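Below: one structure, written as structure tokens.
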There are 2 protein chains.
Amino acid sequence: MRCEGILYKELGEIGLKQEDFKTIIKGYKKIKIKKGDYLIKSGSIVKGYYILISGFLRSFVLDFDGNEVTTNFMVKNDLILEENSFFMQMPTKENIIAVEDCVLWMKDLDTFNNHFRLYEAYREWGRSHLVRNLFALKERTFSMITDKASERYLALLSSRPEIFQKASLKHIASFLGITDSSLSRIRKEI
Amino acid sequence: MRCEGILYKELGEIGLKQEDFKTIIKGYKKIKIKKGDYLIKSGSIVKGYYILISGFLRSFVLDFDGNEVTTNFMVKNDLILEENSFFMQMPTKENIIAVEDCVLWMKDLDTFNNHFRLYEAYREWGRSHLVRNLFALKERTFSMITDKASERYLALLSSRPEIFQKASLKHIASFLGITDSSLSRIRKEI
DNA sequence: AACTATTCTTGCCTAATGACAAGATTTCTC
DNA sequence: GAGAAATCTTGTCATTAGGCAAGAATAGTT
């Protein structure tokens with residue numbers, strides 16, 4: 001099936017035996033959500049991690065005044081994992097909303113833990129995802145400190161151009177840590 | 001031995017059998033470094049993760065112009081883990097330098113992987129540390145976007161007061177993402 | 001197509017922070 | 001404890017980005 005290609009791509013190359021691979025694959029359920037639906041809602045406990053088959057998602061948190069601050073965008077093939085809530089089973093502060101209709105693979109914590117215990121290669125895979133997320137976040141924080149908004153804008157434009165096809169400038173601005181007016185002016189300059 | 005108290009505190013409560021606990025403890029080597037020494041140097045491959053027994057450390061990266069940007073401070077009991085370099089065995093961009101003489105427990109990757117494979121409780125422990133680090137980093141990034149410098153200063157002052165005893169204002173300023181002059185003015189206001 | 005809502009741009013003014021440099025203060029070293 | 005080095009403060013001025021509000025442009029809806 002076409003959709004499973006993503007799981008093969010993600011998990012097919014990490015050195016699992018054929019049958020173990022099948023078990024792991026079976027642990028995923030396919031789910032669909034509509035544009036505007038929430039995949040994760042602030043205050044709830046995240047029940048699974050996801051791999052995005054198709055569509056586009058945006059995550060955000062609310063600041064003190066209730067304004068949305070966009071924390072990330074997720075495109076096809078991305079792993080969607082709110083670590084703190086998923087692993088600790090605590091209410092999350094994050095919201096993840098579908099910007100377009102989305103199809104995803106989902107795996108719940110029990111299944112995950114089971115497979116994690118059984119398969120070393122799967123553990124490696126999970127760990128490397130966590131590490132990559134951490135690394136990306138560190139880079140983002142660093143960039144917030146050292147680069148000015150226009151530089152962050154250009155960097156994002158060249159590293160993740162898909163975002164600009166699907167997200168509004170308002171949300172991109174908030175992801176960059178600036179207001180939409182400022183982003184508009186920056187774009188005018190360039 | 002007094003130092004081992006930290007390991008007991010970290011690892012004693014995670015539900016390991018007595019003998020497994022002993023094996024894990026034995027995997028640590030004690031190391032000492034002097035004030036001004038580097039625990040981790042940019043460009044090198046990190047060979048272990050550490051638990052700080054005593055002393056104070058500061059991590060930083062260099063920006064484009066070669067200026068230090070302080071990324072964190074580490075106090076007694078903290079876990080010191082440069083995930084990307086340790087797990088992926090790639091050269092790190094981070095530097096970690098001893099602000100005071102330090103004593104640490106260290107565990108290398110092979111030993112870690114071994115124990116990680118054998119003991120589920122140890123896996124849990126490692127995972128929860130990664131998750132906590134990620135969470136803290138997310139909070140920091142969020143704060144960089146939503147709070148102004150003076151608020152970040154006050155938040156740091158109340159959440160991690162030890163830092164103000166041991167780090168210079170210059171380094172604290174850079175951790176907060178501002179210049180030392182700005183920090184000086186902020187402190188004057190308050 | 002007409003209406004509405006949302007997004008995006010722009011103007012004007014203000015606030016926050018940086019850059020640079022000069023002193024003041026503290027710390028370190030011999 | 002004298003001198004050097006690093007740290008911290010302060011002043012002046014420039015730059016960046018925000019707040020607010022009004023239009024322009026776009027998308028969504030019936």
Side-chain angles (χ1 to χ4, degrees), chain A residues 34-37 55-56 58 60 62-70 73 95 97-101 140-157 163-190, chain B residues 34-37 55-56 58 60 62-70 73 95 97-101 140-157 163-190:
Chain A
K34 286 259 163 67
K35 173 173 174 173
D37 287 350
F56 185 69
R58 177 177 72 92
F60 65 92
L62 297 181
D63 70 12
F64 188 75
D65 302 322
N67 306 309
E68 293 183 3
V69 177
T70 295
F73 300 101
N95 298 274
I97 193 168
V99 178
E100 304 175 339
D101 292 358
R140 189 179 168 214
T141 311
F142 180 62
S143 168
M144 291 294 305
I145 293 176
T146 59
D147 304 333
K148 41 187 186 174
S150 59
E151 294 168 334
R152 298 202 298 278
Y153 168 74
L154 288 171
L156 187 68
L157 190 56
I163 291 175
F164 291 81
Q165 250 101 68
K166 309 202 164 183
S168 70
L169 291 176
K170 180 176 132 190
H171 294 144
I172 289 171
S174 128
F175 179 68
L176 291 170
I178 55 178
T179 58
D180 47 351
S181 322
S182 292
L183 178 55
S184 182
R185 289 185 183 109
I186 285 168
R187 283 160 56 84
K188 199 181 171 187
E189 295 293 302
I190 305 164
Chain B
K34 285 258 165 67
K35 174 174 174 174
D37 287 349
F56 185 70
R58 177 176 71 92
F60 66 91
L62 298 181
D63 71 10
F64 188 75
D65 302 322
N67 306 309
E68 292 183 2
V69 177
T70 295
F73 300 100
N95 299 274
I97 193 168
V99 177
E100 304 176 338
D101 292 358
R140 186 178 171 214
T141 311
F142 180 62
S143 168
M144 290 295 304
I145 292 176
T146 60
D147 304 334
K148 39 189 189 173
S150 59
E151 295 168 334
R152 298 202 298 278
Y153 168 73
L154 288 172
L156 188 68
L157 191 55
I163 291 175
F164 292 80
Q165 250 102 71
K166 309 201 164 184
S168 70
L169 291 175
K170 179 176 134 191
H171 294 143
I172 290 171
S174 129
F175 179 68
L176 292 170
I178 55 178
T179 58
D180 47 350
S181 323
S182 292
L183 179 56
S184 181
R185 287 183 184 110
I186 285 169
R187 284 161 57 84
K188 199 182 173 187
E189 295 292 302
I190 305 166

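Since this is a predicted model, take the numbers as computed values, not measurements. Letters A, B, ... are given to chains in the order of the sequence lines, protein chains preceding strands, and every chain is numbered from 1.
Checking the phosphate oxygens (OP1, OP2) of dC28(C), a side-chain nitrogen or oxygen of Lys35(B) falls inside 4.0 Å. Proximity of Ser181(B) to the phosphate of dG18(C): no side-chain N or O atom is located under 4.0 Å from OP1 or OP2. Residue Lys148(B) places none of its side-chain N or O atoms closer than 4.0 Å to OP1 or OP2 of dT16(D).
In this structure, Ile186(A) atom CD1 and dT15(D) atom P are separated by 16 Å, rounded to whole Å. Ile172(A) places its CD1 atom 12 Å from the C1' atom of dT7(C), with the value rounded to the nearest Å. Per the geometry, CG belonging to Leu183(B) stands 14 Å off C1' belonging to dT10(D), to the nearest Å. Rounding to whole angstrom units, CD1 of residue Ile145(A) and P of dG18(C) are separated by 10 Å. If you take CD of Glu151(B) and P of dA15(C), they are 16 Å apart, rounded to a whole angstrom. Separating the CG atom of Asp180(B) from the C1' atom of dC20(C) is a distance of 12 Å, rounded to the nearest angstrom. Atom NZ in Lys188(A) sits roughly 16 Å away from atom C1' in dA17(D) (whole-Å rounding). Rounded to a whole Å, the NZ atom of Lys166(B) is 22 Å from the P atom of dT26(C).
Between Ser182(B) and His171(B), the one whose closest nucleotide on DNA chain D sits nearer the 5' end is His171(B).
In this structure, Thr70(B) contributes its side chain and Ser174(B) its backbone to no donor-acceptor pair below 3.5 Å. Within the 3.5 Å criterion, the main-chain N or O of Lys34(A) finds no donor-acceptor partner in the side chain of Asp101(A). The backbone N or O of Lys148(B) sits less than 3.5 Å from a side-chain atom of Glu151(B), completing a donor-acceptor pair.
A cation-pi geometry, defined here as NZ or CZ lying under 6.0 Å from the six-membered ring centre and within 45° of its normal, does not hold between Arg58(B) and Phe175(B).
For dT12(D), its base sits under 3.5 Å from the side chain of Arg185(B) at one donor and acceptor pair at least.
Of the candidates dG18(D), dC20(D), dA21(C), dG18(D) carries the atom nearest the Ile178(A) side chain, counting heavy atoms from C-beta on. Nearest nucleotide to the side chain of Thr179(A), out of dG19(D), dC8(C), dT9(D): dG19(D). Comparing dT17(C), dT9(D), dC8(C) against the side chain of Ala149(B) picks out dT17(C) as the nearest.
Proximity of the aromatic rings of Phe164(A) and Tyr153(A) is defined here by a centroid distance below 6.0 angstrom, and this criterion is met.
Within 4.0 Å of Gly177(A), counting heavy atoms only, lie sugar-phosphate atoms of the nucleic acid but no base atom. Counting any heavy atom pair closer than 4.0 Å across all strands shown, Ser150(A) reaches no nucleic acid atom.
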